[in-house]
**Student:** 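Have a look at the structure that comes next, please.
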Amino acid sequence: MTGSEPLTIEEEYEMQQTWRTDDDKCTFIILAKPLPNDDNDNNTFDSSRMIGDVNFYLNNVYNPHEAELEVMIAEDGCSGKGVATEVLQLMMHYAVHDVGVTDLVVRIKETNAVSIHIFEHKFGFTETERSKAFQEVTLRRTVTDELRAEMKLWVKHATRVDYVRA
């Protein structure tokens, strides 16, 4: 959905090792919702339900409170069902309320009209630049009281489950 590049399996494993230790990024794995007849407990990790990931990076040296968001839905049949929108809502809420982020940014391939539309129309982001070299669009949104109120509505149905190492 956003502008991340494909990685080799070795690069993916290296990246996964940093997910719990880096101070400048936050990554969550996206799991498909269990089927109604699924006996598996919602709080039990099941790798067969992994469908993507959502991230934010605190990599702006001029604004340490800016988070760059990325989301990837990798499994066929899971795109276009609102999953990315829902996890982005949860991630933005977490970034703002738990980490203290005040500015949000995304960089999206300019050919990805669906993602650009979602960020502009569902999340109120505004285009701030285009890069011909990277063929991507940069969209931004400053966290306001209005956005904070909207975020409360986004997460009212969510249940927070803290990570517990098995």
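As the structure is a prediction and not an experimental result, all values here were calculated from the model. Values below: every heavy atom of this structure, side chains too, minus hydrogens, waters and symmetry copies.
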**Student:** For L31 and I51, work out which heavy atoms get closest and say how close.
**Tutor:** C-CG1, 4.3 Å
**Student:** Please report the C-alpha distance between L90 and V155 in whole Å, then the side-chain angles of each, then the deciding distance to 0.1 Å, and finally whether the side-chain contact (heavy atoms from CB on, under 4.5 Å) criterion is met.
**Tutor:** CA-CA 6 Å; L90 296 171; V155 299; 3.7 Å; yes
**Student:** Got a sec: does the CG of D98 have more than 12 other heavy atoms crowding it under 6.0 Å?
**Tutor:** yes
**Student:** If you measure from CD on E136 to CD on E110, what distance do you get to the nearest 0.5 Å?
**Tutor:** 9.0 Å
**Student:** Go through the steps to decide whether W154 and M92 satisfy the test side-chain contact (heavy atoms from CB on, under 4.5 Å), and finish with yes or no.
**Tutor:** CA-CA 10 Å; W154 293 346; M92 284 189 276; 3.9 Å; yes
**Student:** Verify the neighbour count for atom CD of E129: are there more than 12 heavy atoms of other residues, nucleotides or ligands below 6.0 Å?
**Tutor:** yes
**Student:** Verify the cluster assignment for I116 and L69: are they in a single hydrophobic cluster under the rule of side-chain heavy atoms below 4.5 Å apart?
**Tutor:**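 Linked, I116 and L69 end up in one cluster.
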**Student:** If every non-hydrogen atom of E150 is compared with every non-hydrogen atom of K122, which pair is closest and at what distance?
**Tutor:** OE2-O, 3.9 Å
**Student:** Give the ring-plane orientation class for F125 versus F123, where under 30° counts as parallel, over 60° as perpendicular and anything between as tilted.
**Tutor:**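 Aromatic pair F125/F123 classed perpendicular.
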**Student:** Which value, rounded to the nearest 0.5 Å, describes the distance between H93 atom NE2 and L88 atom CG?
**Tutor:**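 Here the interatomic distance stands at 14.5 Å.
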**Student:** Do I30 and M91 belong together in a cluster built from hydrophobic side chains that touch within less than 4.5 Å?
**Tutor:**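 Linked within one cluster.
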**Student:** Look only at the side chain of R140 and the backbone of T128, and say whether a donor-acceptor pair between them is shorter than 3.5 Å.
**Tutor:** no
**Student:** Supply the atom-to-atom distance Y57 OH to E70 CD, rounded to the nearest 0.5 angstrom.
**Tutor:** 4.5 Å
**Student:** Just say parallel, tilted or perpendicular for the rings of Y94 and F28, cut-offs at 30° and 60°.
**Tutor:**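 Y94 and F28: perpendicular rings.
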**Student:** Roughly how far, to the nearest 0.5 Å, is CD of E68 from CG of N60?
**Tutor:** 9.5 Å
**Student:** Would you please test V137 and N112 for side-chain contact (heavy atoms from CB on, under 4.5 Å) and show each step?
**Tutor:** CA-CA 9 Å; V137 178; N112 192 341; over 6 Å; no
**Student:** Are V99 and L58 close enough, and set up right, to give a side-chain contact (heavy atoms from CB on, under 4.5 Å), and what steps lead you there?
**Tutor:** CA-CA 10 Å; V99 180; L58 303 171; 4.1 Å; yes
**Student:** Can you measure from CD1 (I108) to CG (L139) and round to the nearest 0.5 angstrom?
**Tutor:**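 I108 atom CD1 to L139 atom CG measures 5.0 Å (nearest 0.5 Å).
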**Student:** Which pair of heavy atoms, one from T138 and one from R107, lies closest together, and at what distance?
**Tutor:** OG1-CG, 3.6 Å
**Student:** To the nearest 0.5 Å, what is the distance between OG (S79) and CE (M72)?
**Tutor:**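 Output value for this atom pair is 10.5 Å.
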**Student:** A side-chain contact here means heavy atoms from C-beta on lying under 4.5 Å apart; do V96 and R148 qualify?
**Tutor:**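 Yes, side chains in contact.
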